[in-house]
Amino acid sequence: MAPTAELLAPPPPRRPRSGPPPGLKNIGNTCYLNSVLQCLASTPPLANFCLSSRHSNLCKKVFPNKDKECAFCVLEWQIARLLRAEAGAVDSPGKIIRCLPLFAEHFRRGRQEDAHEFLRYVIDACHMACLRIRKRLPAASANGDCGPEEGRGLGACMLMRETFGGALLSQVKCLVCKGESNKTDEIMDISLDLLGTSSVGDALACFFRPEILEGANKYSCARCKKLTSARKQMFVAKAPKVLVIQLKRFEGINGGKINRNIEFKEGLVLSNFMYNKTQDSQTVYNLFGSIVHSGFSPDSGHYYAYVKDAFGRWYCCNDSHVSLSSSQEVLSEKLNLPTPMEMAYQVLHVVRP
C-alpha cells in the first residue's frame with residue numbers, strides 16, 4: 001500500500017554551502033539509501049531542479065486533491081533539505097524510509113538492500129511520476145488548475161530521462177553484403193563486467209568490443225537470404241548528461257566478490273564508442289560521485305559515498321560522519337576490501353566539429 005500524503009514543513013531558506021554536505025543518520029541498515037541520497041543531492045541538474053521545487057509545485061497544481069504521496073515530491077523534499085542544511089548538520093532519511101514502498105515495493109525497513117538497485121528504483125519511480133504529470137497536464141491546463149507557464153512546462157516532466165537517460169545501439173553487420181540491422185535501447189546506466197579487466201577503461205572497451213558471428217553462430221541475413229558471417233557490436237547512440245556506471249563486483253548468485261583494485265579516472269571520454277562519430281565527438285565526463293561497498297556479500301557489509309562539491313572538493317559521506325577527502329583517495333579506493341561499486345559522471349562539455 002502506498003503511503004498517504006502528509007503535510008511537510010517547508011525546508012528552511014537556502015544558505016550557500018561553504019563546508020561539507022550534512023551527514024545522514026543510519027536508522028537501521030540505511031547506509032545503502034544514505035549513499036544514494038548523497039550522490040543524488042550532488043548531481044547538479046537534479047539538485048538545482050529540486051531546489052526550485054518545480055516538480056512539487058507542478059504536481060500540486062495538476063493533482064490538487066491527491067491523497068497519496070508522490071515519489072518525486074518526497075525525493076525533492078529530502079534533497080532540498082540536504083542542500084539547505086548547515087555545514088556539519090546531520091539529517092535523517094526518515095521520510096524516504098516511511099515512503100519506501102513508493103520507490104521499491106519489495107524493499108523492507110531495517111533490511112540491507114543493494115545501493116544500485118535502489119538507485120534504479122528511485123530514478124524509475126520519479127520518471128513515472130513525471131509521466132503521470134505529463135499525461136495530466138493538458139486536462140489540468142484546460143480546467144484552469146494550472147496556468148499557461150505550467151502547461152508549457154513539459155520539459156520539467158522529463159527531468160529524470162533528460163538527466164540520466166541515454167541510448168545504446170546494437171548493430172549486426174553482415175560481412176558479405178555489408179547490410180546492417182540496428183536496434184536502439186534507452187538506458188539509465190551502464191553495468192560493466194570486471195572479469196579479465198583491471199580498469200574502467202578496459203571494462204568499457206570489452207563492453208563495446210565487436211563480436212564476430214561465425215561457425216555455428218552465423219547470422220541469418222535477410223538480404224543474403226542465408227546464414228553468413230557477421231559482426232555484432234554495441235555503440236553509444238545518445239550520451240547521457242549524467243553517466244552512471246555500475247561495476248559488477250559480484251559473480252552470479254553464489255559467486256564471490258571481485259576485490260582487486262579497478263583503476264578509474266576523474267575524466268572519461270566516450271568518443272571511441274559513439275555510433276555517430278561527428279555527433280558529440282568529444283563527450284567529456286567528470287566524476288562527481290562514487291558509492292563504495294565494504295564487505296564480502298551483496299546481502300551484508302556497509303555502503304558509503306564520495307561526492308564532489310561545486311568547488312571541486314571531495315567529501316567522504318559515511319552515514320552521519322562526513323569528512324574532507326581528496327581525488328587521490330577517491331581514485332585509490334581501495335587496494336583491499338572497500339571497493340567502488342558505482343560511479344557517476346557529468347558531461348563537462350561537448351566539442352562539435
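- Looking at Ser327 and Trp314, their side chains come closer than 4.5 Å, going by heavy atoms from C-beta outward.
- Here the side chain of Gln112 pairs a donor or acceptor atom with the backbone of Gly301 at under 3.5 angstrom.
- Ion pairing between Arg98 and Glu69 fails under the 4.0 Å rule for side-chain N and carboxylate O.
- Using a 4.5 Å heavy-atom threshold, the side chains of Val122 and Ile96 count as separate.
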If you look only at distance, which donor and acceptor atoms sit under 3.5 Å apart when one is on a side chain in residues 24-31 and the other is two or more places apart or in another chain?
| unit_1 | atom_1 | unit_2 | atom_2 | d |
| --- | --- | --- | --- | --- |
| Asn26 | OD1 | Gly28 | N | 3.1 |
| Asn26 | OD1 | Asn29 | N | 3.1 |
| Asn26 | OD1 | Thr30 | N | 3.2 |
| Asn26 | OD1 | Thr30 | OG1 | 3.4 |
| Asn26 | ND2 | Asp319 | OD2 | 3.0 |
| Asn29 | ND2 | Gly110 | O | 2.8 |
| Thr30 | OG1 | Ile27 | N | 3.1 |

Practice task
Step by step, work out the ring-ring contact (aromatic ring centres under 6.0 Å, His included) result for Phe107 and Tyr121.
Solution key: CA-CA 10 Å; Phe107 276 29; Tyr121 278 121; 5.7 Å; yes
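- With hydrogens and angles disregarded, no donor-acceptor distance shorter than 3.5 Å links the side chain of Arg54 to the backbone of Leu51.
- Under the 4.0 Å criterion applied to side-chain N and carboxylate O atoms, Arg111 and Glu113 are assigned as salt-bridge partners.
- Looking at Ser191 and Gln246, their side chains do bring a donor and an acceptor atom within 3.5 Å of each other.
- The aromatic rings of Phe208 and Phe273 sit parallel, their planes meeting at an angle under 30°, below the 60° perpendicular limit.
- Residue pairs satisfying the ring-ring contact (aromatic ring centres under 6.0 Å, His included) criterion with at least one member in residues 212-244, sequence neighbours excluded, are listed as follows: Phe235-Tyr275.
- For the salt bridge (charged side-chain N to carboxylate O under 4.0 Å, His left out) test, no residue two or more places apart in sequence or in another chain qualifies with Asp185.
- Within the 3.5 Å criterion, the main-chain N or O of Phe311 finds a donor-acceptor partner in the side chain of Asp309.
- A heavy-atom distance below 4.5 Å is not found between the side chains of Asp91 and Pro93.
- Side-chain atoms of Glu86 never come within 3.5 Å of backbone atoms of Pro22 as a donor-acceptor pair (strictly under, hydrogens ignored).
- Between the side chain of Asn48 and the backbone N or O of Pro44, at least one donor-acceptor pair lies under 3.5 Å.
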